[in-house]
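Each residue takes its place number in the sequence, starting with 1.
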Amino acid sequence: MSDRPVIGITMGDAAGIGPEVIVRALAHDDVHDVCRPLVIGDAGRLKKAMDVVGSTLSLHVVDTPTQARFQRGVIECIDLGLIPDDLPWGKVSSVAGDAAYRYIARTVELIEAGELDAICTAPLNKEALHAGGHVFPGHTELLAHLTGTEEVSMMLVTPKMKVIHVTTHVGIIDAIARINPGLVTRTIERAHETLARAGNHHPRIAVCGINPHAGENGLFGYGEEEEKIVPAIEALRARGWDVEGPLPADTLFFRAGRGDFDCVVAMYHDQGHGPVKVMGLEAGVNVTVGLPVVRTSVDHGTAFDIAGKGIADERSLIEALSQAVELASRRTEAA
């Protein structure tokens with residue numbers, strides 16, 4: 001089926017579990033049933049990962065997506081040849097950090113040239129990325145830079161809930177300083193657009209407060225909710241949107257888990273990530289909202305402590321590929 005979208009899978013940090021989860025995920029026939037996966041990374045490292053997990057797949061190295069066969073039992077790989085054969089598993093490496101950046105950069109070139117339909121990323125390590133000379137807080141900011149996008153949002157997607165973040169990779173004090181009505185408004189707009197593109201044109205969106213109990217009418221904090229969040233909610237309600245808040249995060253996530261809302265707006269990184277990850281890392285998918293390209297990712301890190309041991313779980317990558325297929329298909333339908 002040539003209409004299956006071509007998904008570029010970046011290998012992430014070669015010292016982490018990325019190569020292993022890629023090999024495991026691409027052994028699933030149902031992945032190939034819905035997409036044409038193409039790894040952008042290092043063939044030598046994938047071969048080592050295949051040995052680690054005992055894979056019986058074959059590896060086909062190509063220079064361009066058009067050369068790929070896209071058959072079951074075959075891993076298609078654009079080999080950048082950046083990883084030395086003796087790179088150890090589970091250790092921070094400037095070489096691996098630089099390579100992780102170059103995998104992303106090459107993939108963005110391919111998708112902007114129309115040779116890929118979406119990007120799905122294996123995890124990178126921020127310390128290694130910085131050591132390699134690329135000072136970005138993470139994939140989200142890196143992709144925004146490479147695509148010339150001024151502002152994007154991180155959305156975590158699970159079977160039970162979706163969570164979009166107003167701020168992500170900044171300290172809590174800086175996050176509070178950064179939050180303002182304009183940023184909150186734009187974040188909710190990106191959430192609304194994403195949900196509408198997926199077919200939900202009247203989403204129920206709930207917005208977290210910043211302080212405990214969402215400030216409780218000034219009892220906690222210094223009026224941050226009234227100053228930074230309420231104006232955005234009032235403006236969006238005036239459009240007829242179903243936006244509720246600011247609400248205490250603890251009870252909000254309980255309600256979201258039982259299905260009261262279609263999306264939760266978290267104010268800062270851990271406010272949104274904590275509840276999602278309690279549900280299980282294998283269930284979560286990270287979607288970058290606001291890019292001119294479709295990008296999804298696993299919702300876990302490089303797991304250096306288990307890298308190279310052949311025990312990494314591929315389920316989050318399979319979910320991320322599924323989301324990439326769905327979003328790429330929706331974008332094609334909307335075009």
Side-chain angles (χ1 to χ4, degrees), residues 1-14 16 18-28 31-43 45-46 49 57 59-72 74-83 99-124 129 134 138-140 142-149 152 285-289 291-299 314 316-332 335:
M1 295 174 59
S2 59
D3 59 337
R4 293 171 297 154
V6 181
I7 311 296
I9 306 172
T10 57
M11 201 175 73
D13 192 298
E20 295 172 62
V21 295
I22 289 172
V23 170
R24 285 190 181 278
L26 297 187
H28 290 252
V31 168
H32 298 269
D33 289 341
V34 297
C35 72
R36 291 176 283 171
L38 173 64
V39 181
I40 294 86
D42 265 75
R45 199 60 172 181
L46 286 175
L57 300 177
L59 186 64
H60 182 222
V61 177
V62 298
D63 295 319
T64 67
T66 56
Q67 296 174 352
R69 303 176 188 135
F70 297 119
Q71 298 172 341
R72 291 182 181 183
V74 178
I75 298 177
E76 302 287 354
C77 175
I78 291 180
D79 180 19
L80 272 62
L82 301 172
I83 301 301
Y101 170 86
R102 295 183 186 278
Y103 303 150
I104 292 288
R106 177 64 177 135
T107 305
V108 169
E109 290 175 358
L110 290 169
I111 201 164
E112 289 182 340
E115 296 185 73
L116 302 173
D117 296 302
I119 301 172
C120 184
T121 59
L124 54 72
L129 183 70
H134 309 287
H139 266 125
T140 303
L142 171 54
L143 282 160
H145 168 75
L146 289 171
T147 58
T149 307
V152 296
V285 175
N286 182 336
V287 179
T288 305
V289 178
L291 289 173
V293 301
V294 171
R295 179 261 173 164
T296 66
S297 180
V298 295
D299 186 29
E314 73 272 24
S316 183
L317 181 57
I318 292 173
E319 288 293 329
L321 286 166
S322 176
Q323 285 289 328
V325 170
E326 180 178 346
L327 291 170
S329 299
R330 296 283 185 183
R331 179 166 293 204
T332 300

Asks: Answer whether the closest heavy-atom distance between the side chains of H134 and L142 falls below 4.5 Å.
Replies: no
Asks: Decide yes or no for L124 and H139: does some side-chain heavy atom of the first lie under 4.5 Å from some side-chain heavy atom of the second?
Replies: yes
Asks: If I compare all heavy atoms of V61 with all of A43, which pair ends up nearest, and what's the gap?
Replies: CG2-CB, 3.7 Å
Asks: Let me see the working for V39 and E76 under side-chain contact (heavy atoms from CB on, under 4.5 Å), right down to the final yes or no.
Replies: CA-CA 6 Å; V39 181; E76 302 287 354; over 6 Å; no
Asks: Does any part of the side chain of L146, heavy atoms only, come nearer than 4.5 Å to the side chain of I104, both counted from C-beta?
Replies: yes
Asks: Give the minimum heavy-atom separation between G18 and A122, together with the two atoms involved.
Replies: CA-CB, 3.9 Å
Asks: Decide yes or no for E112 and T147: does some side-chain heavy atom of the first lie under 4.5 Å from some side-chain heavy atom of the second?
Replies: yes
Asks: Checking side-chain contact (heavy atoms from CB on, under 4.5 Å) for the pair V34/R4: CA distance, chi angles, key distance, verdict?
Replies: CA-CA 6 Å; V34 297; R4 293 171 297 154; 5.9 Å; no
Asks: Which distance, rounded to the nearest 0.5 Å, do you find between the CD of Q323 and the OG of S297?
Replies: 12.0 Å
Asks: Between V31 and A25, which heavy-atom pair has the shortest distance, and what is it?
Replies: CG2-O, 3.6 Å
Asks: Would you compute the distance between atom CG of L321 and atom CD1 of I9 and round it to the nearest 0.5 angstrom?
Replies: 4.5 Å
Asks: Would you please say whether a donor-acceptor pair under 3.5 Å links the side chains of Q67 and H60?
Replies: no
Asks: Report the distance from atom CG of D79 to atom CG of D63, rounding to the nearest 0.5 Å.
Replies: 9.0 Å
Asks: Using the rule given for side-chain contact (heavy atoms from CB on, under 4.5 Å), can you reason through T107 versus T10, listing the C-alpha separation, both sets of side-chain angles and the distance that settles it, and then say yes or no?
Replies: CA-CA 7 Å; T107 305; T10 57; 3.2 Å; yes
Asks: Take L317 and C120 through the test side-chain contact (heavy atoms from CB on, under 4.5 Å) and record every step on the way to the result.
Replies: CA-CA 8 Å; L317 181 57; C120 184; 3.6 Å; yes
Asks: Could you give the distance from CG (L116) to CD1 (I7), rounded to the nearest 0.5 Å?
Replies: 8.0 Å
Asks: For M11 versus G41, what's the shortest heavy-atom pair and its separation?
Replies: CB-CA, 3.9 Å
Asks: Do the side chains of I119 and I40 get nearer than 4.5 Å, heavy atoms only?
Replies: no
Asks: Apply the side chain to side chain contact (heavy atoms under 4.5 Å, CB included) test between R295 and each candidate in T121, V152, V287; give the one that qualifies.
Replies: T121
Asks: Looking only at atom types and distance, does a side-chain atom of N286 sit under 3.5 Å from a main-chain N or O of T296, one as donor and one as acceptor?
Replies: no
Asks: How many angstroms lie between SG in C35 and CG in D3, if you round to the nearest 0.5 Å?
Replies: 12.0 Å
Asks: Using every non-hydrogen atom in the two residues, find where C77 and L59 come nearest and quote the distance to one decimal.
Replies: CB-CD1, 4.1 Å
Asks: What I'd like to find out is whether the side chain of L143 reaches to under 4.5 Å of the side chain of V108, using heavy atoms alone.
Replies: yes
Asks: Of all heavy-atom pairs between L80 and R102, which one has the smallest distance, and what is that distance?
Replies: CD2-O, 3.7 Å
Asks: Whether the side chain of R45 engages the backbone of A14 through a donor-acceptor N/O pair (distance < 3.5 Å, no angle test) should be reported.
Replies: yes
Asks: So do I75 and L46 actually touch side chain to side chain, heavy atoms under 4.5 Å?
Replies: yes
Asks: Does a side-chain heavy-atom distance below 4.5 Å link H32 with L26?
Replies: yes
Asks: Do the side chains of D33 and R72 get close enough for a salt bridge, i.e. N-O under 4.0 angstrom?
Replies: yes
Asks: Between OH of Y101 and CZ of R106, what distance do you get to the nearest 0.5 Å?
Replies: 13.5 Å
